[in-house]
Amino acid sequence: STNSLTAATSYVSNMLDAIGPTAKPVSWMTVHTKRLSPWPTREGIFNRAIVESGVETMPWDAEFQSMWVSADKVHCTPTGKAARVALYARL
């Protein structure tokens, strides 16, 4: 189920396994969109799995602003893209 922490944790674990050992820590940006229910719940579960995995977390969900997302409620506007780049630049 997409609402399952177990499924989200498994997905994150599989992605980290695919990356394999690294010399530097893995960083993972949390998710946040403007989609309506059930998406906020699903995004929250996925973000929890990211945080609990122990990777370095970039808090897109905490810094998200609605004006950063286009009319499709998912993809970033140019301003949103700049905000994401700024978040990556903190690494």
Side-chain angles (χ1 to χ4, degrees):
S1 163
T2 54
N3 292 326
S4 163
L5 180 59
T6 301
T9 299
S10 178
Y11 179 86
V12 170
S13 178
N14 288 340
M15 293 301 100
L16 293 173
D17 287 348
I19 293 168
T22 62
K24 294 185 178 184
V26 173
S27 299
W28 199 318
M29 187 172 286
T30 58
V31 296
H32 191 99
T33 67
K34 287 174 42 177
R35 292 189 287 182
L36 303 176
S37 185
W39 290 102
T41 299
R42 290 177 178 174
E43 292 166 3
I45 290 168
F46 189 68
N47 290 340
R48 181 175 166 194
I50 293 168
V51 169
E52 290 181 359
S53 74
V55 299
E56 180 177 23
T57 304
M58 295 175 289
W60 180 249
D61 61 321
E63 300 192 17
F64 178 84
Q65 294 183 25
S66 291
M67 67 179 181
W68 291 348
V69 178
S70 67
D72 72 1
K73 300 182 180 181
V74 176
H75 296 96
C76 292
T77 62
T79 304
K81 288 177 185 176
R84 286 176 66 111
V85 167
L87 191 57
Y88 280 115
R90 292 186 209 160
L91 297 178

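Note: hydrogens, waters and symmetry copies are ignored here, and every other heavy atom, side chains too, is used. The chain is numbered in sequence order, starting from 1. All figures in this text were calculated on a predicted structure; none of them were measured in a lab.
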message: Taking L5's backbone N and O only, do any of them form a donor-acceptor pair with T9's side chain (distance below 3.5 Å, no angle check)?
response: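 Yes, because the side chain of T9 sits within donor-acceptor range (under 3.5 Å) of the backbone of L5.
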field: Under 3.5 Å: donor-acceptor pair, side chain of T30, backbone of D61
entry: yes
Minimum heavy-atom distance [X]-[Y], with the two atoms named:
| X | Y | value |
| --- | --- | --- |
| K34 | S66 | CD-O, 3.4 Å |
| I19 | T22 | CG2-CG2, 3.6 Å |
| A8 | I45 | CB-CG2, 4.0 Å |
| L87 | P59 | CD1-CD, 3.9 Å |

message: Could you check whether atom CZ of R48 has more than 12 heavy atoms from other residues, nucleotides or ligands sitting under 6.0 Å from it?
response: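 12 or below, so no.
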- request: Using a strict cut-off of less than 4.0 Å between a Lys/Arg side-chain nitrogen and an Asp/Glu carboxylate oxygen, indicate whether E63 and R90 qualify as a salt bridge.
  value: yes
task: Measure centre to centre between the rings of W60 and W68, then say whether the value is under 6.0 Å.
output: yes
Do [X] and [Y] belong to the same hydrophobic cluster, where Ile, Leu, Val, Met, Phe, Trp and Tyr are linked whenever their side-chain heavy atoms lie under 4.5 Å apart, directly or via other members?
| X | Y | result |
| --- | --- | --- |
| M58 | V69 | yes |
| V74 | L36 | no |
| W39 | F46 | no |
| L16 | I50 | yes |

message: Here's a test for you: under side-chain contact (heavy atoms from CB on, under 4.5 Å), which of V55, V51, N47 qualifies with W28?
response: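 It is V55, the one option of V55, V51, N47 that forms the side-chain contact (heavy atoms from CB on, under 4.5 Å) with W28.
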field: Partner of T33 under side-chain contact (heavy atoms from CB on, under 4.5 Å), chosen from H75, K73, R42, E43
entry: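 Passing option: E43.
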field: Full working for side chain to side chain contact (heavy atoms under 4.5 Å, CB included) between E56 and V26
entry: CA-CA 6 Å; E56 180 177 23; V26 173; over 6 Å; no
- request: Supply the atom-to-atom distance S10 OG to M15 CE, rounded to the nearest 0.5 angstrom.
  value: 9.0 Å
